[in-house]
Protein chains: 2
Amino acid sequence: MKIGELAKSLGVSTDTLRYYEQHKLLTPSARSESGYRVYTQQQLRQMQFILRAKEVGFSLKEVQELLQIQIEKHQHSCEEVKEITIQKLHLVRTRIEELQRFEQSLSKLAQRCCGGPESADFCSILTALEDVDGTCN
Amino acid sequence: MKIGELAKSLGVSTDTLRYYEQHKLLTPSARSESGYRVYTQQQLRQMQFILRAKEVGFSLKEVQELLQIQIEKHQHSCEEVKEITIQKLHLVRTRIEELQRFEQSLSKLAQRCCGGPESADFCSILTALEDVDGTCN
DNA sequence: CTTGACCTTGGTGTTAACTCTAAGGTTTAT
DNA sequence: ATAAACCTTAGAGTTAACACCAAGGTCAAG
Ligand SMILES: [Zn+2]
Ligand SMILES: [Zn+2]
Ligand SMILES: [Zn+2]
Ligand SMILES: [Zn+2]
C-alpha cells in the first residue's frame, strides 16, 4: 500500500500520516525503490487503533503511550493501562465541570436579558458584567 | 496609576495588561513624560468588566465585541448582546456534550479493566481499542 | 550617587494537531 | 511523450492567551 491508498481507506490526509510518522505513532513497514512509503495490513490495524483511541478522547501523546504498551503487551500490566484511562477520565470530568459553570452563568445571563430591539442602555447582561456585585453566577 | 499598581490591584501580570492593550481591549488613558502608561478608575472598571466576562467563559475576541457594545451602549440593542451570549452558550453546550461522550467511553473502558498487576495481554481496554467491534462506547 | 524596583520596546517560546507550500522526482495512462 | 496523479523533503502557518527575555531608561530611598 502507498500512502495515498492508506489515507483514503482510513479517511485521513496523507499529511496526517506523515505527521504521525514524525511523531512516532506509525512507521511504514518499508520504502519502495523510489523512496515511497510502503504500508501493510499491520499498519492499517495500528492506525485503526490510533483513530479509535482518539475518538475516545485520548491525545496523541497518550495514544503513543498506549501503543507502546499494546506492542509490548506482556511487559506491561492492566494496572498501567487502567491508570492512563482513569487519569484521562479525571481530566475530562474536570473540564466538564468548568464548562458547566460557564453554562450556568451564561444561561442565567441570557435569561435575564429581554433580547428586544431597544437600546442596550439597561441591558441586564452588560450591567451584570459591569457591577461589582453583578450576579454573573 | 502605573501599570504595576493596576496589575497588582487586579491580580494579573503587567504582561497581560500590555497584551490586552496590543489586542485593543484596554488602552491606558495617557502616557507620563517618561513614557509610562497611566491608568484611571475608568480603566480599572473596564478591566473588571473584562475579567468578569472571561470568568463567564467568553474568549478575548468575544469580550472585545461586548466591550465595544458596552462603550457605545445606546447604539446597540439588547438583541445583539443576547445573541452573543446565546451563541456562546450553544458552543459551550456542544463542547460539554462532546466531553460527555468521551467520559462515557472512558468510564466504560475503565470499568471493564481489572486494573490488576498481571500482564496486559488480555487487557479489555486494549482489546476494545484493537478490535473493529471493540465496544469503546 | 548608587541600588533596586519599576518601566519601555520588540521579540521569541509555549501547546496540539495538523495544514499548506515550494520545489522537485515517479508512475501510469493515453 | 506528455499530462495527471502521485510521491518526496523541509519548513512555515494556524489558534489562544499569555509568559519570558534582553537591553536599556526612570525614579524613589538611603
Ligand atoms: Zn432588554
Ligand atoms: Zn439585554
Ligand atoms: Zn486485567
Ligand atoms: Zn486491563
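Convention: sequence-line order gives letters A, B, ...; per-chain numbering from 1. Just so it is clear, the model here is predicted, and its values are computed rather than measured.
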Note to self: According to ring-ring contact (aromatic ring centres under 6.0 Å, His included), who are the partners of A:Tyr20, at least two apart in sequence or on a separate chain?
What the structure shows: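 Testing A:Tyr20 for ring-ring contact (aromatic ring centres under 6.0 Å, His included), a comparison that skips the adjacent residues, returns none.
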To the nearest Å, give me how far apart [atom1] ([X]) and [atom2] ([N]) are.
| X | N | atom1 | atom2 | value |
| --- | --- | --- | --- | --- |
| A:Glu5 | D:dC7 | CD | C1' | 12 Å |
| A:Lys54 | C:dA16 | NZ | P | 13 Å |
| A:Met47 | C:dA17 | CE | P | 13 Å |
| B:His23 | D:dC18 | NE2 | P | 10 Å |
| B:Tyr39 | C:dT8 | OH | C1' | 12 Å |
| B:Ile3 | D:dC27 | CD1 | C1' | 17 Å |
| A:Glu21 | D:dC7 | CD | C1' | 13 Å |
| B:Arg31 | C:dC6 | CZ | C1' | 14 Å |

Checklist line | Touch class at under 4.0 angstrom, heavy-atom based, for A:Lys8 against every strand present | finding: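 The residue A:Lys8 makes no contact with any strand.
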Check: Which residue lies toward the 5' end of DNA chain C, B:Gln22 or A:Phe58, if each is placed at its nearest nucleotide?
Finding: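 First, find each residue's nearest nucleotide; the 5'-ward one identifies B:Gln22.
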Check: Between B:Arg52, B:Arg45, B:Gln70, which is the residue that forms a side chain to side chain donor-acceptor pair (under 3.5 Å) with A:Glu130?
Finding: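 Only match with A:Glu130 under side chain to side chain donor-acceptor pair (under 3.5 Å): B:Gln70.
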Any donor-acceptor pair under 3.5 Å linking the side chain of [X] with the backbone of [Y]?
| X | Y | value |
| --- | --- | --- |
| B:Lys82 | A:Cys113 | yes |
| A:Glu72 | A:Ile69 | no |
| A:Lys73 | B:Ala120 | no |
| B:Glu97 | B:Thr94 | no |

Item checked: All pairs passing salt bridge (Lys or Arg N to Asp or Glu O under 4.0 Å) where residues 4-18 of chain B contributes a residue, at least two apart ->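 Non-adjacent pairs meeting salt bridge (Lys or Arg N to Asp or Glu O under 4.0 Å): B:Asp15-B:Arg18.
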Notebook entry, point to check: Do we see a donor-acceptor contact under 3.5 Å between the side chains of A:Thr16 and A:Ser13?
Noted result: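 Distance-only check passes for A:Thr16 and A:Ser13.
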Next item on the list: Could you tell me whether the side chain of A:Glu103 reaches within less than 4.5 Å of the side chain of B:Leu89, counting heavy atoms only?
Entry: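 Of all side-chain heavy-atom pairs linking A:Glu103 with B:Leu89, at least one is under 4.5 Å.
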Margin query: Tell me whether the side-chain N/O atoms of B:Arg37 come closer than 4.0 Å to OP1 or OP2 in C:dT8.
Written below: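 Checking B:Arg37 against C:dT8: at least one side-chain N or O falls below 4.0 Å of OP1 or OP2.
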Notebook entry, point to check: Side-chain N or O of A:Tyr20 less than 4.0 angstrom from OP1 or OP2 on C:dC18?
Noted result: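 For A:Tyr20, the contact criterion (side-chain N or O under 4.0 Å from OP1 or OP2 of C:dC18) is met.
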Margin query: Tell me the closest heavy-atom pair linking A:Val38 and A:Arg31, and the distance in Å.
Written below: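 The answer is CG2-C, 4.0 Å.
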So which protein nitrogen or oxygen atoms get under 3.5 Å of nucleotides 13-15 of chain D's nitrogens or oxygens?
none

Margin query: Each nucleotide in nucleotides 22-30 of chain C should get exactly one letter: B, S or -. Can you fill that in based on protein heavy atoms under 4.0 Å?
Written below: ---BBS---
Note to self: I need the full list of ring pair (Phe, Tyr, Trp, His ring centres under 6.0 Å) pairs touching residues 81-132 of chain B, with sequence neighbours left out, sorted by first then second residue.
What the structure shows: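 For residues 81-132 of chain B, and leaving out neighbouring residues, there are no ring pair (Phe, Tyr, Trp, His ring centres under 6.0 Å) pairs at all.
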Check: Taking DNA chain C as the partner, which of residues 9-19 of chain B come within under 4.0 angstrom of it by heavy atom?
Finding: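 Those residues whose heavy atoms fall under 4.0 Å from DNA chain C, taken from residues 9-19 of chain B in numerical order, are B:Arg18.
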Note to self: Looking at B:Glu98 and B:Arg101, is there a salt bridge between them, counting it only when a charged N and a carboxylate O are closer than 4.0 Å?
What the structure shows: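 Looking at B:Glu98 together with B:Arg101, the answer is no, because their closest N to O distance does not fall below 4.0 Å.
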